[in-house]
Amino acid sequence: MSSPPIVSVKQVLRTEGVAVGDAVTIRGWIRTRRDSKAGLSFLQVHDGSCFDPVQVVAPGELDNYEDIQQLTTGASVICHGHVVESRGKGQSVEIKADAVEVIGLVDDPDTYPVPAKRHTFEYLREQAHLRVRTNTFSAIARVRHCLAQAIHRFFHDNGFYWVHTPIVTGSDCEGAGEMFRVSTLDLTNLPRTDAGEVDFSQDFFGKETNLTVSGQLNVESYCLALSKVYTFGPTFRAENSNTSRHLAEFWMIEPEIAFADLADDADLAEAFLKSIFKTLLEELPDDMGFFQQRIDETCIDRIEAFIESSFERMAYTEAIDRLEQAVAGGHTFEYPVQWGMDLQSEHERWLTETHVGRPVVVMDYPKDIKAFYMRMNDDGRTVAAMDVLAPGIGEIIGGSQREERLGVLDARIEEMGLEIDDYWWYRDLRRYGTVPHAGFGLGFERTMAFATGMANVRDLIPFPRTPRTATF
RNA sequence: UCCCCUGUAGCUCAAUUGGUAGAGCGAGCGGCUGUUAACCGCUAGGUUGCUGGUUCGAGUCCAGCCGGGGGAGCCA
């Protein structure tokens with residue numbers, strides 16, 4: 001038995017380690033089959049290795065030609081043949097088959113959920129187990145992988161360590177949004193305390209636990225020993241948010257740097273974003289070309305402009321001034337502009353798209369609209385927080401310098417009505433060799449949305465979890 | 001969670017003032033072709049999301065429930 005060597009569709013189409021005339025074996029799934037009554041059949045076969053399928057030409061002389069003519073979209077095959085220059089248009093090389101093994105047919109082609117035709121994204125979400133066989137979703141899968149690898153590579157090349165912060169966390173210490181409870185208690189027969197409350201001391205961990213909403217507090221611990229660290233993992237929010245930008249389970253990246261202030265943080269954010277998008281354009285030109293052609297005609301231009309731009313830095317107070325000047329000049333916003341408020345999406349878009357025309361880092365927000373751990377500025381009314389705003393999408397990164405002074409941190413915890421004992425180990429980091437440090441977070445799926453022009457994060461994660469939906 | 005829109009063949013959508021359901025794509029069969037969004041012809045395929053109500057009669061009107069989308073809030 002000497003089958004030709006197994007190669008990927010990508011190797012064939014790009015003649016990587018494969019030359020015209022070579023005998024090869026490819027394995028994959030049928031996208032379409034076209035028969036010629038001249039006695040041959042054209043099979044478009046994809047295997048996920050690249051955007052385009054390869055054309056396999058099956059001559060009528062093959063022993064199982066009748067079986068080959070039963071192949072429909074979605075069927076799986078192993079093809080043995082030779083790489084040849086194509087006689088048709090649309091591809092430079094193709095595979096002249098010497099044998100086509102039919103591995104798995106499609107039960108009922110009439111009801112195959114993803115035939116070779118156009119589908120809405122809403123429909124394909126209901127076929128999430130099969131949607132990755134389409135052009136769009138296989139391209140998304142490759143973009144997701146490419147960006148994930150680019151993120152790890154950027155941090156690794158810059159001396160960062162990847163830290164696996166816990167998925168299950170003790171309660172009360174994170175305070176960002178509704179959390180999913182983790183419990184092994186019998187819901188139909190909950191243990192009670194004398195006071196009649198649920199007795200979590202009998203639960204698996206002996207206390208209330210939840211799925212993480214952020215790895216930041218834990219990663220700060222590693223930052224104050226390893227200097228440069230980051231998290232990249234799943235994150236969970238039990239908020240009842242039904243929008244194109246929210247998931248109950250999503251992936252988040254959170255770098256943290258020691259001996260650093262907010263300006264260092266902004267510099268890191270800028271270098272980071274430019275690096276990963278540059279990698280994406282270099283490594284996946286076919287997939288990105290598809291997004292440009294079929295999903296968002298501006299997406300490559302937008303990313304290239306983003307990479308070329310220097311990010312504007314602007315204080316929150318200055319941003320408010322500019323917005324007020326715009327209002328005075330006749331521009332109307334749905335929400336009023338006033339110092340102390342959080343910037344609405346319309347304000348962010350005006351700043352980055354209309355006013356500056358480039359990415360903007362807004363810094364030093366009012367303390368009352370930001371989290372307890374953000375570092376108090378000398379003015380006593382703002383904290384060292386930043387948001388990176390990008391044209392066309394708005395906020396893409398949120399970050400801050402962390403409060404490293406124990407006394408100031410304690411005052412903030414108390415001021416915001418939090419329980420100081422819950423933060424004992426976080427406070428220890430300020431007691432034992434504290435240093436100025438900073439970090440930021442970005443949602444992976446939102447980053448992908450920016451890169452691809454896809455409108456809904458539910459289409460950017462393989463199996464989306466949203467309120468009332470966890471089908472797959 | 002709030003506001004708006006929406007649910008009709010496998011998919012995308014039609015269906016006049018309420019009168020008993022149609023097209024394109026896909027699928028099957030046939031024709032044609034080194035084809036590639038192929039093309040031409042024929043055929044099959046629907047308890048109109050669910051429950052109830054109004055009516056001689058409901059895809060169409062009303063109520064509730066369930067699902068989907070957009071926007072808002074929250075945020076990443």
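Because the structure is a prediction, the values reported are computed rather than measured. In what follows, every chain begins at residue 1, and chains take the letters A, B, ... in the order their sequences are listed.
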> Taking the P atom of each, how far is G7(B) from A63(B), in whole Å?
16 Å
> What integer number of Å spans the C1' atoms of G69(B) and C25(B)?
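Roughly 22 Å separates the two C1' atoms.
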> Quick one: ring-ring contact (aromatic ring centres under 6.0 Å, His included) pairs with a partner in residues 60-92 of chain A, sequence neighbours left out?
none
> Take atom C1' in G26(B) and the same atom in C2(B), then report the distance between them in whole Å.
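Rounded to whole Å, the distance is 39 Å.
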> ring-ring contact (aromatic ring centres under 6.0 Å, His included) with Phe155(A): which residues, sequence neighbours excluded?
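Listed in chain order: Phe160(A), Tyr230(A), Phe272(A).
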> Using a 4.0 Å heavy-atom cut-off, does Ser41(A) contact any base of the nucleic acid, only the sugar-phosphate backbone, or nothing at all?
nothing
> Name all residues meeting the salt bridge (charged side-chain N to carboxylate O under 4.0 Å, His left out) criterion together with Glu324(A); count only those two or more places apart in sequence or in a different chain, and write none if there are none.
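In terms of salt bridge (charged side-chain N to carboxylate O under 4.0 Å, His left out), with neighbours along the sequence ignored, Glu324(A) is linked to no residue.
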> Contact class for Val457(A) vs. all strands (heavy atom < 4.0 Å): base, sugar-phosphate, or nothing?
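No contact.
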> Quick one: does NZ or CZ of Arg302(A) land under 6.0 Å from the six-membered ring centre of Phe450(A), within 45 degrees of the ring axis?
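Yes, Arg302(A) lies over the aromatic ring of Phe450(A).
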> Which pairs, protein N/O on one side and nucleotides 65-68 of chain B N/O on the other, fall under 3.5 Å?
from   : atom 1 : to        : atom 2 : distance (Å)
G68(B) : OP1    : Thr469(A) : OG1    : 3.1

> For the residue pair Gly399(A) and Asp387(A), what are the closest heavy atoms and their distance?
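For Gly399(A) versus Asp387(A), the nearest heavy atoms are N-OD1, 4.5 Å.
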> Can you tell me which nucleotide in G26(B), A72(B), U12(B) comes closest to the side chain of Pro115(A)?
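Side chain of Pro115(A) sits closest to G26(B).
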> If I pick the C1' atom on C13(B) and the same atom on U17(B), what distance separates them, to the nearest angstrom?
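Their C1' atoms lie roughly 23 Å apart.
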> Show me the pairs that pass ring-ring contact (aromatic ring centres under 6.0 Å, His included) and involve residues 90-146 of chain A, at least two apart or across chains.
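For residues 90-146 of chain A, and leaving out neighbouring residues, the ring-ring contact (aromatic ring centres under 6.0 Å, His included) pairs sorted by first residue read His119(A)-Tyr123(A), Phe121(A)-Phe137(A), His129(A)-Phe472(A).
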> If the threshold is 4.0 Å, N to carboxylate O, is there a salt bridge linking Glu178(A) and Arg237(A)?
no
> Scan nucleotides 46-51 of chain B against the protein and return all N/O pairs shorter than 3.5 Å with their distances rounded to 0.1 Å.
none

> Measure from CZ on Arg33(A) to C1' on U33(B) and round the result to the nearest Å.
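The answer, rounded to whole Å, is 14 Å.
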> Scan Ile397(A) against the nucleic acid and name what it touches under 4.0 Å (heavy atoms): base, sugar-phosphate only, or nothing.
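No contact.
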> Answer with base, sugar-phosphate or nothing: what part of the nucleic acid does Gln344(A) contact at a heavy-atom distance below 4.0 Å?
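Result for Gln344(A) = sugar-phosphate.
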> Could you work out the separation of G34(B) and C39(B) based on their C1' atoms and round it to a whole Å?
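About 15 Å, rounded to a whole number of Å.
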> Flag this pair as yes if the NZ/CZ of Arg322(A) is under 6.0 angstrom from the six-membered ring centre of Trp350(A) and inside a 45 degree cone about the axis; otherwise no.
no
> Applying a 4.0 Å non-hydrogen cut-off, can you work out what Phe250(A) is touching in the nucleic acid: base, sugar-phosphate, or nothing?
base
> Suppose the criterion is salt bridge (Lys or Arg N to Asp or Glu O under 4.0 Å): which pairs have a residue in residues 342-355 of chain A, not counting sequence neighbours?
none
> Report the nucleotide, chosen from G28(B), U35(B), C11(B), that has the shortest atom-to-atom distance to any side-chain atom of Thr72(A).
G28(B)
> Base, sugar-phosphate or nothing for Ser86(A)? Non-hydrogen atoms, less than 4.0 Å.
base
> If a pair satisfies salt bridge (Lys or Arg N to Asp or Glu O under 4.0 Å) and one of its residues is in residues 264-281 of chain A, list it, with sequence neighbours excluded.
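Counting only pairs at least two positions apart or across chains, the salt bridge (Lys or Arg N to Asp or Glu O under 4.0 Å) contacts touching residues 264-281 of chain A are Asp267(A)-Arg313(A), Glu270(A)-Lys274(A), Glu270(A)-Arg313(A), Lys278(A)-Glu282(A).
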> Leu40(A) has an atom CG; how far is it from atom C1' of U35(B), in whole Å?
8 Å
> According to salt bridge (Lys or Arg N to Asp or Glu O under 4.0 Å), does anything in residues 117-135 of chain A pair up with another residue at least two apart or in another chain? List the pairs.
Arg125(A)-Asp459(A), Arg131(A)-Asp459(A)
> Does Lys117(A) or Leu442(A) map to a spot on RNA chain B nearer the 5' end, using the closest nucleotide for each?
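Checking each residue's closest nucleotide, the 5'-ward one belongs to Lys117(A).
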> Dot-bracket for RNA chain B: what is it, with Watson-Crick or G-U pairs under 3.5 Å, [ ] where a pair crosses earlier ones, and | for a pair to another strand?
(((((((..((((.....[..)))).(((((.......))))).....(((((..]....))))))))))))....
> Determine whether the side chains of Ser36(A) and Arg34(A) contain a donor N or O and an acceptor N or O closer than 3.5 Å.
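There is no such pair (donor and acceptor under 3.5 Å, judged by atom type) between the side chains of Ser36(A) and Arg34(A).
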> Is it true that Asp35(A) and Arg33(A) make a salt bridge, defined as a side-chain N closer than 4.0 Å to a carboxylate O?
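Looking at Arg33(A) together with Asp35(A), the answer is yes, because their closest N to O distance falls below 4.0 Å.
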> Show your working on side-chain hydrogen bond (donor to acceptor under 3.5 Å, both in side chains) between Tyr373(A) and Glu220(A) and close with a plain yes or no.
CA-CA 11 Å; Tyr373(A) 52 74; Glu220(A) 281 188 49; over 6 Å; no
> For a quick check of understanding: with a heavy-atom distance under 4.0 Å over all strands, which category does Phe450(A) fall into, base, sugar-phosphate or nothing?
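The answer is nothing, as Phe450(A) stays clear of every strand by at least 4.0 Å.
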> Map Arg87(A) and Tyr335(A) onto RNA chain B by nearest heavy atom, then report which one ends up closer to the 5' terminus.
Arg87(A)
> Between C40(B) and C62(B), how far is it from one C1' atom to the other, in whole Å?
49 Å
> Tell me whether the side-chain N/O atoms of Ser241(A) come closer than 4.0 Å to OP1 or OP2 in C74(B).
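Indeed not, no polar side-chain atom of Ser241(A) lies that close.
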> Return yes if the base of U35(B) and the side-chain atoms of Gln55(A) contain a donor-acceptor N/O pair under 3.5 Å, otherwise no.
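By the distance-only test, yes, there is a pair.
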> Given G70(B), is OP1 or OP2 found less than 4.0 Å from the side-chain N or O atoms of Asn456(A)?
yes
> Write down the distance separating the P atoms in G46(B) and G70(B), rounded off to the nearest Å.
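About 32 Å, rounded to a whole number of Å.
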> Taking A23(B) as the reference, what is the distance to G68(B) when you measure between their P atoms (whole Å, please)?
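To the nearest whole Å, 31 Å.
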> Does Gln44(A) reach a base, just sugar-phosphate, or nothing at all? Heavy atoms under 4.0 Å.
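The answer is base, as Gln44(A) lies within the cut-off (heavy atoms under 4.0 Å) of a base atom.
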> For Ser244(A) and G71(B), is the shortest distance between a side-chain N/O and OP1 or OP2 below 4.0 Å?
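Checking G71(B) against Ser244(A), a side-chain N or O does come within under 4.0 Å of OP1 or OP2.
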> Report all interatomic pairs (protein N or O, nucleotide N or O of nucleotides 37-39 of chain B) with separations under 3.5 Å.
none

> Would the distance check show the side chain of Gln292(A) and the main-chain N or O of Ile300(A) forming a donor-acceptor pair, the cut-off being under 3.5 Å?
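Checked: pair present.
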> Identify, with sequence neighbours excluded, every residue that meets side chain to side chain contact (heavy atoms under 4.5 Å, CB included) alongside Arg245(A).
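Once residues adjacent in sequence are excluded, the partners of Arg245(A) under the side chain to side chain contact (heavy atoms under 4.5 Å, CB included) criterion are Thr243(A), Arg446(A).
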